[in-house]
Amino acid sequence: MPEQEMNRVQRRLWRAFMETGVDTSKAGAVERLHRLVQNEVATMSPALRHVMRVVLFQPGEVDYRQLAREIERHEGMHLSMASLRKRVWHAASRIERAIRHGIEPACFLP
């Protein structure tokens, strides 16, 4: 995953993954990360889930103004930039904790 193609949240989660000591050359290591992230996002509230699905699949940096407008249309209510950033921070922190506690290098030994 070339860093220049990732947004801040993606880089944060990738960094947490790498800090677990996982050997990314082992078959299935990155797929396990993807499954863990997908499972964690699936258990979030609808508001967090929607935001993270957009942020996690956004190539490059996220346009938070555009995202706020999209969420306002989706939820039918005003969403401040501060509230949006708080949602993203909260959801990313939750996923980061899951990565740090849910992935162990031993899981990838042959």
Side-chain angles (χ1 to χ4, degrees):
M1 291 185 155
E3 280 199 29
Q4 66 271 17
E5 295 177 9
M6 287 192 256
N7 62 47
R8 288 182 184 147
V9 172
Q10 293 163 340
R11 281 192 302 271
R12 175 182 175 180
L13 299 178
W14 182 254
R15 191 176 317 112
F17 178 63
M18 296 304 294
E19 288 172 359
T20 66
V22 172
D23 180 357
T24 57
S25 67
K26 299 275 187 193
V30 175
E31 289 78 16
R32 181 169 161 80
L33 169 67
H34 289 164
R35 280 194 311 275
L36 186 142
V37 170
Q38 289 170 352
N39 290 341
E40 195 63 31
V41 169
T43 65
M44 292 179 177
S45 69
L48 291 179
R49 187 171 48 242
H50 179 72
V51 167
M52 288 312 289
R53 285 186 175 152
V54 172
V55 170
L56 290 172
F57 294 104
Q58 176 70 41
E61 289 304 325
V62 176
D63 181 345
Y64 283 96
R65 289 185 197 280
Q66 174 66 27
L67 180 55
R69 286 191 295 268
E70 179 184 325
I71 291 172
E72 284 178 359
R73 282 192 303 274
H74 183 261
E75 294 181 3
M77 56 186 262
H78 175 72
L79 182 66
S80 71
M81 293 293 291
S83 294
L84 174 59
R85 288 184 185 277
K86 186 175 180 178
R87 282 187 192 185
V88 171
W89 180 86
H90 176 72
S93 296
R94 182 173 161 180
I95 295 169
E96 186 177 7
R97 278 191 305 277
I99 290 168
R100 293 187 188 282
H101 298 289
I103 295 181
E104 302 201 10
C107 296
F108 298 98
L109 294 176

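Numbering starts at 1 and runs along the sequence shown.
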Next on the checklist: Before you tell me yes or no, could you show the steps for Asp63 and Gln58 under side-chain contact (heavy atoms from CB on, under 4.5 Å), namely the whole-Å CA-CA distance, both residues' side-chain angles and the distance that decides it to 0.1 Å?
Outcome noted: CA-CA 9 Å; Asp63 181 345; Gln58 176 70 41; over 6 Å; no

task: Could you walk me through whether Arg69 and Gln66 pass side chain to side chain donor-acceptor pair (under 3.5 Å), step by step?
output: CA-CA 5 Å; Arg69 286 191 295 268; Gln66 174 66 27; 2.9 Å; yes

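To the nearest 0.5 Å, atoms CD (Glu40) and CG (Leu48) are separated by 10.5 Å. Here the NZ-CE distance, from Lys86 to Met81, works out to 15.5 Å after rounding to the nearest 0.5 Å. One distance of note links CD1 of Ile71 with CG of Leu67; it measures 4.0 Å at 0.5 Å rounding.
Taking all atoms of both residues into account, the shortest heavy-atom contact from Ala68 to Leu79 is CB-O, 4.1 Å. For the residue pair His78 and Glu72, the shortest heavy atom distance occurs at ND1-OE2, 3.0 Å. The two residues Leu56 and Gln10 make their nearest non-hydrogen contact at O-NE2, 2.6 Å. Across all their heavy atoms, Leu13 and Ala92 have their closest contact at CD2-O, 3.7 Å. Considering every non-hydrogen atom in both Met44 and Arg49, the closest pair reads O-NH1, 2.7 Å.
Salt bridge status for Arg100 with Glu96: present, with a side-chain N to carboxylate O gap under 4.0 Å.
In this structure the side chain of Val88 reaches within 4.5 angstrom of the side chain of Tyr64, judged on heavy atoms. Here the side chains of Thr43 and Arg94 are in contact, with some heavy-atom distance below 4.5 Å. Contact of the Arg32 side chain with the Phe17 side chain is not registered, since no non-hydrogen atoms from C-beta on lie closer than 4.5 Å. Using a 4.5 Å cut-off on side-chain heavy atoms (C-beta onward), Trp14 and Ile99 make no contact.
Val54 and Trp89 are not part of a single hydrophobic cluster, where members link through side-chain heavy atoms under 4.5 Å apart.
Residues that satisfy the side chain to side chain contact (heavy atoms under 4.5 Å, CB included) test with Arg8, not counting sequence neighbours, are Arg11, Glu61.
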